[in-house]
S.K.: 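Structure below; questions to follow.
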Amino acid sequence: MGKKNDKQEFVAHITPRSEDFSQWYTDVILKTDLVDYAPVRGCMVIKPYGYALWERMQAELDKRFKATGHQNVAMPMLIPESLLLKEAEHVEGFAPEVAWVTQGGNEVLPERLAIRPTSETLFCTMYAKWVQSWRDLPMKYNQWCSVMRWEKTTRPFLRTSEFWWQEGHTIHATPEEAQEETLQMLEVYRDFAENVLALPVLTGRKTDKEKFAGARATYSMEAMMQDGKALQAGTTHNFGTNFSEAYGIQFLSKEGKLEYAHETSWGTSTRLIGAIVMTHGDERGLKLPPRVAPIQVVILPIAMHKEGVLERARALKAELEAAGLRVELDDRDTYSAGWKFNEWEMKGVPVRLELGPRDIENGVAMSMRRDTLEKKPLELDGIADTVKALLDDIHTTMFEQARAFRDAHIYTATTLEELEKGVQNGFVKAAWCGCRECEDKVKELYNASTRNMPFDQSGMPSDKCVVCGKPAEKLIYFAKAY
RNA sequence: CGAGGUGUAGCGCAGUUUGGUAGCGCGUUUGGUUCGGGACCAAAAGGUCGCAGGUUCAAAUCCUGUCACCUCGACCA
């Protein structure tokens, strides 16, 4: 009693989202134990709760990669400088952010080694060795690893010097097949983002200015954070024969002709964890999508010193686990029920089940869903199925809520003034002439960039470019981006 | 990397202007009472004041450098 201020203090440790979005984000990821800062410039330590989330994401993605015919491999972390230099555009793009190893033991190395910022150069070198004939194609490999980019400004998950990701690299006999692969993997990413992470994304093609260094075409999925800024959540690239020409990946075709292979690559990273936080989180903290939440259901025994409560709670846990759910039984007696409620809400567990003597007597458990905070008693009889359905509903509700937010923050602009206003709060959908100068101008004036050009180009708001007024070529999204 | 701000116990902060024995709340530990929305009582532990130099009889406080975080730019998944 008389501790009202203390009660508020715990929640107040998270800066209100409405007050300072950046600080809210930092508070949430630190206080929910997803991550900590490392004693290395710009690097993060992913803690058990955060890593469990990443493992769930990996499992879901990996399953989809395998289902589309890809195999995992492991490449070295170091790239000899001479190898990195072979594709000019690629080097130019990555050179400013490469970290170098110059010494081994006590000896200075004759050739310095780059710590991989991405592994196109290694994959291409190996593909050149492995591919001889059209019968060897396609080769569709992926690796899970970390890469290092010496970034100027870093933020946990969104941009760190070292980050964990997957990079798929494939080579194909024909341009059609490479293009099909590029679009297929973008679709795999979209499906994963929307149906697993509950993140609505806009897919489309990047402009030449924004495409990957060395790519002929880059496609992306773009998500909107709750401050209206865009987060590039995944990219796929079609390199054509750019890299195979530089690295000599040639094969004998069916017709006996020596041809260059067509290459693609695609990647998603731990940045997606940041996207989950910034898309779904609220004033209480995290809100984790049920399909990747490390803990889907937390059981809180109430008055657990009373006879039979803990036993019944354990049986409930076993029953739910047997049904394939990820369950935590919080039987810590050091904290009050109310304290635990708040902690698990902050950590974003989708469903809480309270089980006390009264519930047991009535044959129910009191449920609370994190997305809407709605409480409802659930019959213990057949509860596993009920909870599964509830988790599915939470997923759908979270996705719909995020999509409604996004759609409400997409503005159509036909003038620069409208564009300026729009990118303060969200994305701007506009007609664009296709020239680099107009992109640069928007960047310079409003610090916003082009995100991508949707595949469905219908519904152009104007036949004139929003920037220069010349005839419009493309429907495109502009936004400030992370 | 440029401009501005912050850094004192695990967390949140006071103390810095005007140099003079390191403080508060929460948390933690131990014992007890509690337990359906952030419990209570009692006792205890915990800090080379981000780090490195310097000035001084004396530095959390003044000076220089450096690191990290936040905001705004330039660069990027």
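Residue numbers begin at 1 in each chain, while the letters A, B, ... track the order of the sequences.
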S.K.: Identify every side-chain donor-acceptor pair in residues 354-361 of chain A under 3.5 Å, counting partners at least two apart or on other chains, and give the distances.
M.R.:
unit_1   : atom_1 : unit_2   : atom_2 : d
A:Glu354 : OE2    : A:Arg352 : NE     : 3.3
A:Glu354 : OE2    : A:Arg352 : NH2    : 2.9
A:Asp359 : OD2    : A:Gly356 : N      : 2.9

S.K.: Is the shortest side-chain N/O distance from A:Tyr335 to OP1 or OP2 of B:rU28 below 4.0 Å?
M.R.: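 Yes, within the criterion.
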
S.K.: Taking 4.0 Å as the cut-off, does a side-chain nitrogen or oxygen of A:Ser336 come that near to OP1 or OP2 on B:rA39?
M.R.: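 Checking B:rA39 against A:Ser336, a side-chain N or O does come within under 4.0 Å of OP1 or OP2.
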
S.K.: Of all residues at least two apart in sequence or in a different chain, which pass the side-chain contact (heavy atoms from CB on, under 4.5 Å) check with A:Glu19?
M.R.: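 Only A:Thr15, A:Pro16 meet the side-chain contact (heavy atoms from CB on, under 4.5 Å) criterion with A:Glu19.
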
S.K.: Using the side chain to side chain donor-acceptor pair (under 3.5 Å) definition, which of the options A:Arg271, A:Lys206, A:Glu210 pairs with A:Gln232?
M.R.: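 Passing option: A:Lys206.
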
S.K.: Report the residue from A:Phe243, A:Phe123, A:Phe65 that forms a ring pair (Phe, Tyr, Trp, His ring centres under 6.0 Å) with A:His169.
M.R.: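 The passing option is A:Phe123.
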
S.K.: Looking at A:Thr154, does any N or O in its side chain come under 4.0 Å of the phosphate oxygens OP1/OP2 on B:rC69?
M.R.: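 Answer is yes, contact under 4.0 Å.
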
S.K.: Can you tell me the pairing partner of B:rA39 across any strand shown, Watson-Crick or G-U wobble, with both distances under 3.5 angstrom?
M.R.: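 Its partner is B:rU33.
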
S.K.: At less than 4.0 Å, is any side-chain N or O atom of A:Thr26 found next to OP1 or OP2 of B:rC69? Yes or no.
M.R.: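 False: A:Thr26 side-chain N/O out of range (4.0 Å or more) of B:rC69 OP1/OP2.
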
S.K.: List every contact pair, protein side and nucleotides 29-31 of chain B side both N or O, where the distance is under 3.5 Å.
M.R.:
none

S.K.: Please name all residues satisfying side-chain contact (heavy atoms from CB on, under 4.5 Å) with A:Ala99, sequence neighbours left out, ordered by chain then number.
M.R.: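 A:Ala99 satisfies side-chain contact (heavy atoms from CB on, under 4.5 Å) with A:Ile115, A:Met148, A:Trp150 once adjacent residues are dropped.
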
S.K.: Under a 3.5 Å distance rule, please check whether A:Glu151 uses its side chain to pair with a backbone N or O of A:Thr153 as donor and acceptor.
M.R.: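 A pair under 3.5 Å: no.
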
S.K.: OP1 or OP2 of B:rG37 less than 4.0 angstrom from a side-chain nitrogen or oxygen of A:Asn342, does that happen here?
M.R.: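 Checking B:rG37 against A:Asn342, no side-chain N or O comes under 4.0 Å of OP1 or OP2.
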
S.K.: Tell me which residues in residues 209-238 of chain A lie within less than 4.0 Å of RNA chain B, going by non-hydrogen atoms.
M.R.: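 Of all residues in residues 209-238 of chain A, the ones placing a heavy atom under 4.0 Å from RNA chain B are A:Gln232.
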
S.K.: Considering residues at least two apart in sequence or located in another chain, which fulfil the side-chain contact (heavy atoms from CB on, under 4.5 Å) criterion with A:Met304?
M.R.: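 A:Met304 satisfies side-chain contact (heavy atoms from CB on, under 4.5 Å) with A:Pro301, A:Val309, A:Leu310, A:Asp331, A:Asp333, A:Lys340 once adjacent residues are dropped.
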
S.K.: Taking side-chain contact (heavy atoms from CB on, under 4.5 Å) as the test, write out the residues that go with A:Lys229, two or more places apart.
M.R.: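 Expected list: A:Asp227, A:Lys480, A:Tyr482.
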
S.K.: Expected output is a numbered-order residue list: members of residues 42-63 of chain A with a heavy atom under 4.0 Å from any atom of RNA chain B. What is it?
M.R.: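 The stretch gives none, as no residue of it lies under 4.0 Å from the strand.
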
S.K.: Write down the protein N/O and nucleotide N/O pairs, taken from nucleotides 4-6 of chain B, whose separation is under 3.5 Å; answer none if there are no such pairs.
M.R.:
none

S.K.: Run the side-chain donor-acceptor check on residues 441-449 of chain A: report pairs under 3.5 Å with partners two or more places apart or on a different chain.
M.R.:
unit_1   : atom_1 : unit_2   : atom_2 : d
A:Lys443 : NZ     : A:Asn447 : OD1    : 3.4
A:Ser449 : OG     : A:Arg451 : NH1    : 2.7

S.K.: Quick one: side chains of residues 193-203 of chain A, donor-acceptor pairs under 3.5 Å with protein atoms, not counting sequence neighbours, listed by atom name and distance.
M.R.:
unit_1   : atom_1 : unit_2   : atom_2 : d
A:Glu194 : OE1    : A:Arg190 : NH1    : 2.7
A:Glu194 : OE2    : A:Val201 : N      : 3.1
A:Asn195 : ND2    : A:Asp191 : OD1    : 2.6

S.K.: Could you tell me whether the side chain of A:Thr279 and the main chain of A:Ile276 form a donor-acceptor pair under 3.5 Å?
M.R.: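 No; judged by distance alone, with no hydrogens or angles, the pair does not exist.
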
S.K.: Suppose we screen for salt bridge (Lys or Arg N to Asp or Glu O under 4.0 Å). Which residues come up paired with A:Lys63, at least two apart in sequence or across chains?
M.R.: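 Scan of A:Lys63 (salt bridge (Lys or Arg N to Asp or Glu O under 4.0 Å), adjacent residues dropped) gives A:Glu60.
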
